[in-house]
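Just so it is clear: chains get the letters A, B, ... in the order the sequence lines come, proteins before strands, and each one is counted from 1.
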There are 2 protein chains.
Amino acid sequence: MVQTKFAGSILNFKPEDIIPAVSTDCIIFGLDDGKLKVLLLKRNIEPSLGLWALPGGFVLNFEELEMSAKRTLHDTTGMTNVFMEQVQAFGQVDRFPWRRVITIAFYALIKYRTDDLRAGPDASDIHWFDISDLPELVFDHKHILNVTLQHLQSKVRSEPIGFELLPPKFTLTQLQELYEAVLRTTFDTRNFRKKLLKMNLLEQLNETQTGVAHRAARLYRFNPGIYQKLKEKGFTFEL
Amino acid sequence: MVQTKFAGSILNFKPEDIIPAVSTDCIIFGLDDGKLKVLLLKRNIEPSLGLWALPGGFVLNFEELEMSAKRTLHDTTGMTNVFMEQVQAFGQVDRFPWRRVITIAFYALIKYRTDDLRAGPDASDIHWFDISDLPELVFDHKHILNVTLQHLQSKVRSEPIGFELLPPKFTLTQLQELYEAVLRTTFDTRNFRKKLLKMNLLEQLNETQTGVAHRAARLYRFNPGIYQKLKEKGFTFEL
DNA sequence: CCAAAAGTGTTTTATATACACCCATGG
DNA sequence: CCATGGGTGTATATAAAACACTTTTGG
């Protein structure tokens, strides 16, 4: 694979660099105050200038798909070090107005943050939207988001990926709020804690929360190594 | 959408008809004698002439992705009326030797049959292979097959799609064998029957098997309408 | 009458659910 | 000392697992 540089606006690419008709789009989920959010850009380019859209862009020749998603995310939002997973391709003939473009959706669960966000040259604004209070989206991006949300919900129940949304050290309440936000439900606190602790995936730390005006909660850490070992022995995460 | 005619060999398409670099591949699963099989073609064209491959071909302009999968399946195998679902895209830069080709995998579960199979002009042979006894496959098709198999296994546990593999009227033993083959496990007969019947998805018919040299089994039918209704009420199929 | 698969219930064990109060801390 | 969220256990209900024999049919 040829290393792709982060190149900014799509206007900087020569036509021969771009695989015609194939793009990647990024669905970036974050959790803020118990609410599931998704990162959107206000388009600064035609078509549909001024409307909100998922971050994304064309795939370059010699660029792996996942790398393309990472690069376009960086080019449009400034975000780095986001590990994304493919959802599926979306290829409706008329999904893009000017010509046929097949897009491949990638999603990520990340810690909610606004500090390293800066809209790239193709966007005039960038914003985390509550998943249940979305603006109008361009093209088929609403559809892509819905499919991805379902994908996320099914994934989050069968694999311990939810931890990606939390800081390395987190409280059980944070964890519960995460699952409640993503799955749009509520859990009984005692039962939730029992279930998760019985899995033995969480390391209890000798540390507690600081800076809270009430009893400080104990911190836990997710241990991917333990998960790997358990998985090899036939364990499956199920929420 | 423009209706696409079934056109046979890819050599019949003009270059401007074909979306460069995007293809669909079909993973067709069938069940024969309690064994999960997959349909493969022996390539009659370069590259990799003579090797086994998944049915597939290039996506045409103005052709929906799913339609492309259906059409290429028909062109290469003669099969019609196969409903396929997307797995994901595969786009490794070097997956295809001559140029970059991104492929989108679709899979189907169908009744095992050999009668309407006839290799198209791009294949010299067509064959159902046992999933645990596969030949060498071209390109990344082995990888695509593995990913799809996992996809199938996870899908089949959470949605009643397994019934696609059976004739409309089937016995509970056939159903159990199906799940055992797909999930590569065994179930206790009494528990399996109890579980499935309790879901109320199966209509018991007043008919039995014929032509067997032992007690004839009762026939059942899957009722998708009932499933829809139950699903709306919050029921989820879980095996 | 025999071979071959169909069909059937109960007990035990494990998991899921429901539910309410005291604890620790910072302000 | 009080407001705020942290943390805990038990009883009940439901679901999963284990297990073996009788029935029906065609040949």
| message | Main chain of A:Ile161, side chain of A:Glu164: is a donor-acceptor contact present, judged purely on distance under 3.5 Å? | response | no

| message | Rounding to an integer number of Å, can you tell me how far A:Asp188 CG sits from C:dA20 P? | response | 11 Å

| field | Backbone N/O of A:Ala53 and side chain of A:His141: donor-acceptor pair under 3.5 Å | value | no

| said: Applying side-chain hydrogen bond (donor to acceptor under 3.5 Å, both in side chains), can you list everything that pairs with B:Thr76, at least two apart in sequence or on another chain? | reply: none

| query | Closer to the 5' end of DNA chain D via nearest nucleotide, is it A:Asn191 or A:His214? | reply | A:His214

| Atom-pair distance (CD on A:Gln174; C1' on D:dG5), nearest Å | 13 Å

| Rounded to the Å, how far apart are A:Leu196 CG and C:dT15 C1'? | 15 Å

| field | Rounded distance in Å - CZ (A:Phe192) to P (C:dA16) | value | 13 Å

| task | Pick base, sugar-phosphate or nothing for B:Arg193, based on heavy-atom distances below 4.0 Å to the nucleic acid. | result | base

| task | Check whether any side-chain N or O of B:Thr173 sits under 4.0 Å from OP1 or OP2 of C:dA5, and answer yes or no. | result | no

| note | The answer to which of B:Ala216 and A:Ala216 contacts DNA chain C further toward the 5' end, by nearest nucleotide, is B:Ala216

| task | Specify the separation, in whole Å, of atom CD of A:Gln176 and atom P of D:dT8. | result | 14 Å

| request: Round to the nearest Å and state the distance from B:Leu197 atom CG to C:dA6 atom C1'. | output: 13 Å

| For A:Ile104, does its backbone N or O pair with a side-chain atom of A:Gln86 as donor and acceptor, under 3.5 Å? | no

| Would you say the base of C:dT10 and the side-chain of B:Lys194 have a donor-acceptor pair closer than 3.5 Å? | yes

| said: On the nucleotide C:dG26, are OP1 or OP2 found under 4.0 Å from the side-chain N or O atoms that A:Arg215 carries? | reply: no

| request: Measure from NZ on B:Lys198 to C1' on D:dA17 and round the result to the nearest Å. | output: 13 Å

| request: Determine the contact category for B:Thr171: base if any of its heavy atoms lies under 4.0 Å from a base atom, sugar-phosphate if only primed atoms, P, OP1 or OP2 are that close, otherwise nothing. | output: nothing

| Rounded distance in Å - CG (A:Leu175) to C1' (D:dG7) | 15 Å

| request: Flag the pair A:Arg218 / A:Asn206 as yes when at least one side-chain heavy-atom distance between them is below 4.5 Å, and no otherwise. | output: yes

| said: Could you check whether the side chain of A:Arg190 and the base of C:dA20 have a donor-acceptor pair of N or O atoms closer than 3.5 Å, going by distance alone? | reply: yes

| said: Is there, by distance only and without an angle test, a donor paired with an acceptor across the side chain of A:Lys195 and the base of C:dT17 below 3.5 Å? | reply: no

